[in-house]
Amino acid sequence: MTPTITRRSMMAGAGATTLALASGLRPVRAQDEITLKISHYLPPRHGFHTDFLVPWGEQLTEKTDGRVKVEVYDATSSFGNIMRQADQVRAGVIDIALGLNGIPRGRFPASSIIELPFLVEKAGPGSKTLYTLYEEGMLGGEYDDFHVLALFTHHGGLFHTADRPVRSLEDLEGLRMRTPGPAVSAMLESVGASPVGMPPAQIYENLQKGVINGVVTTWDLVGAIKLNELLGYHTDARAYVAGFHVLMNKQRYADLPEDVRTAVDELSGDNLVAKFGPWWDKWEARGRKDAVERGNTIIEIDDATRAEWKAQLEPMIEGYLKSLRGEGVENPMAIYERAQELVAQFSEG
């Protein structure tokens with residue numbers, strides 16, 4: 001399938017000219033000042049904003065000798081709706097967006113394979129695996145409407161609960177748990193829990209009211225939206241990862257002067273994906289530290305138990321992969337097998 005260099009050269013070279021001519025729009029001239037708008041769905045204090053997107057914009061400004069200005073819009077803005085990140089980019093309302101693959105559900109079904117239980121434990125290997133699957137063409141046409149700057153995952157997520165400790169998968173039975181995406185929903189349903197989808201901005205209130213009993217997420221998000229105030233137990237099973245995208249409007253990218261496209265490329269792709277492991281180390285530490293300081297109970301799940309839980313979930317994993325054929329994914333088992341190979345490869349490095 002399409003190799004990495006072909007994807008980049010198509011967009012950076014002849015493809016850019018073709019898109020610009022087909023649109024009837026005037027490409028940006030080399031001397032023009034350019035403003036790029038970037039959106040995401042989390043608060044401005046989150047690492048997505050402070051460690052990634054704002055510095056990324058500053059680096060792009062520096063690389064272009066001040067010609068490119070970047071405006072970053074967070075969850076408090078009119079562009080901060082988690083459901084609309086990719087749609088905003090496609091429509092050209094926003095130039096670049098960082099979004100969660102699982103919301104809205106069904107948008108990136110092949111990419112959801114990275115989220116299957118106990119496949120990925122760390123953001124570094126997970127991010128490199130997801131992006132490599134894209135570069136190798138394994139994810140089909142899921143991102144054909146966009147220029148992809150990065151795909152990444154977080155560290156392995158936890159089961160966080162208000163009142164009931166989770167020391168086995170059976171302990172999840174009957175609980176209403178906020179889920180980040182369809183693969184995690186399938187996992188929860190398979191053990192008798194009820195998955196509840198909702199944006200991060202709604203989690204605190206619903207947990208406080210007892211609408212949900214807990215969340216399946218990272219230390220990072222728990223800390224960012226202050227859930228440790230309401231939670232009592234954290235089961236650190238590194239049970240799953242969520243996939244994220246950083247997407248640029250295809251036409252906007254094509255219309256940029258060649259030197260600006262080169263600057264964007266240098267700050268994207270493999271160079272950017274490699275940064276998410278260290279970033280998540282930093283982001284996760286804050287949420288965990290807060291839970292410890294509050295006296296919450298942290299239940300560590302060892303590798304042997306994780307292996308047992310994965311074996312217990314094999315029928316669910318097989319069923320989920322089969323279900324993806326109904327969503328237009330031609331080769332779900334091949335993607336899963338390749339993902340396993342890549343995770344092992346990148347975990348050794």
Side-chain angles (χ1 to χ4, degrees), residues 42 46-47 100 102 114-127 152-181 183-198 200 203-204 206-207 212-244 276-277 279-310 312-313 316:
L42 285 172
H46 190 271
L100 181 63
I114 200 72
E115 303 182 2
L116 284 168
F118 303 105
L119 172 60
V120 177
E121 189 169 356
K122 291 289 186 178
S127 300
F152 66 97
T153 75
H154 57 50
H155 282 338
L158 300 82
F159 300 113
H160 307 268
T161 49
D163 302 311
R164 183 194 297 182
V166 174
R167 293 187 170 88
S168 69
L169 291 178
E170 289 73 20
D171 290 334
L172 289 164
E173 185 175 359
L175 295 181
R176 299 180 301 279
M177 302 288 289
R178 184 266 181 178
T179 175
V184 175
S185 296
M187 174 180 66
L188 291 171
E189 289 172 345
S190 74
V191 296
S194 299
V196 181
M198 64 181 63
I203 297 174
Y204 189 99
N206 281 279
L207 187 61
I212 55 175
N213 305 114
V215 295
V216 188
T217 191
T218 57
W219 281 120
D220 166 66
L221 184 61
V222 163
I225 59 177
K226 303 182 179 180
L227 295 185
N228 282 323
E229 297 174 358
L230 306 174
L231 295 165
Y233 301 94
H234 311 267
T235 300
D236 192 357
R238 290 88 68 207
Y240 82 103
V241 295
F244 302 82
F276 286 102
W279 275 338
W280 281 107
D281 286 341
K282 175 182 178 181
W283 300 338
E284 290 283 89
R286 291 183 294 220
R288 192 182 195 281
K289 181 174 182 287
D290 180 54
V292 170
E293 290 175 349
R294 292 177 182 276
N296 294 3
T297 300
I298 298 174
I299 302 165
E300 303 280 358
I301 304 300
D302 60 30
D303 289 341
T305 303
R306 290 181 76 249
E308 292 174 6
W309 288 13
K310 181 179 181 181
Q312 195 173 336
L313 292 168
M316 168 258 139

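When reading the values below, keep in mind they use all heavy atoms of this one structure, side chains included, and skip hydrogens, waters and symmetry mates. Since we're looking at a predicted model, the values are computed, not measured.
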Only counting residues at least two apart or in another chain, list the ones meeting side-chain contact (heavy atoms from CB on, under 4.5 Å) with [X].
{"X": "R167", "answer": "P165, D171, I299"}
{"X": "R176", "answer": "S194, V196, N213"}
{"X": "D163", "answer": "none"}

Legend entry - Side chain E284, main chain D220, donor-acceptor under 3.5 Å: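 Yes.
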Let me confirm one number: the [atom1]-[atom2] distance from [X] to [Y], rounded to the nearest 0.5 Å.
{"X": "L230", "Y": "N206", "atom1": "CG", "atom2": "CG", "answer": "11.0 Å"}
{"X": "K122", "Y": "T153", "atom1": "NZ", "atom2": "OG1", "answer": "11.0 Å"}
{"X": "D303", "Y": "R238", "atom1": "CG", "atom2": "CZ", "answer": "6.0 Å"}
{"X": "M316", "Y": "M187", "atom1": "CE", "atom2": "CE", "answer": "7.5 Å"}
{"X": "L169", "Y": "L188", "atom1": "CG", "atom2": "CG", "answer": "10.0 Å"}
{"X": "I298", "Y": "Y233", "atom1": "CD1", "atom2": "OH", "answer": "13.0 Å"}

Legend entry - Those residues that, when tested against E170, pass side chain to side chain donor-acceptor pair (under 3.5 Å) (two or more places apart):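 Checked E170 against side chain to side chain donor-acceptor pair (under 3.5 Å); matches are S168, Q312.
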Legend entry - Any residue meeting side chain to side chain donor-acceptor pair (under 3.5 Å) with W283, in chain and number order, not counting sequence neighbours: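 Testing W283 for side chain to side chain donor-acceptor pair (under 3.5 Å), a comparison that skips the adjacent residues, returns D51.
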Under a 4.5 Å cut-off applied to non-hydrogen side-chain atoms, are [X] and [Y] in contact?
{"X": "L175", "Y": "F159", "value": "no"}
{"X": "L221", "Y": "I203", "value": "yes"}
{"X": "L231", "Y": "L207", "value": "yes"}
{"X": "H160", "Y": "N228", "value": "no"}
{"X": "L42", "Y": "P200", "value": "yes"}
{"X": "R178", "Y": "P180", "value": "yes"}

Inset, instruction - Give the C-alpha distance, both sets of side-chain angles, the deciding distance and a yes or no for salt bridge (Lys or Arg N to Asp or Glu O under 4.0 Å) between R286 and D290. - result: CA-CA 6 Å; R286 291 183 294 220; D290 180 54; over 6 Å; no
Give the minimum heavy-atom separation between [X] and [Y], together with the two atoms involved.
{"X": "A224", "Y": "H46", "value": "CB-CD2, 3.8 Å"}
{"X": "K226", "Y": "Y204", "value": "O-CE1, 3.3 Å"}
{"X": "G102", "Y": "E115", "value": "N-OE2, 4.5 Å"}
{"X": "F152", "Y": "S127", "value": "CB-OG, 3.3 Å"}

Inset, instruction - Quick one: do R288 and E300 satisfy salt bridge (Lys or Arg N to Asp or Glu O under 4.0 Å)? Show the steps, please. - result: CA-CA 12 Å; R288 192 182 195 281; E300 303 280 358; 2.7 Å; yes
Legend entry - H234 and W219 aromatic centres sub-6.0 Å: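 Under 6.0 Å, so yes.
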Inset, instruction - Using the test ring-ring contact (aromatic ring centres under 6.0 Å, His included), find all partners of Y240 that sit at least two apart in sequence or belong to another chain. - result: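 Y240: ring-ring contact (aromatic ring centres under 6.0 Å, His included) contacts with H154.
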Legend entry - Geometric class of the H155/W280 ring pair [parallel <30°, tilted 30-60°, perpendicular >60°]: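 Rings of W280 and H155: tilted, 30 to 60°.
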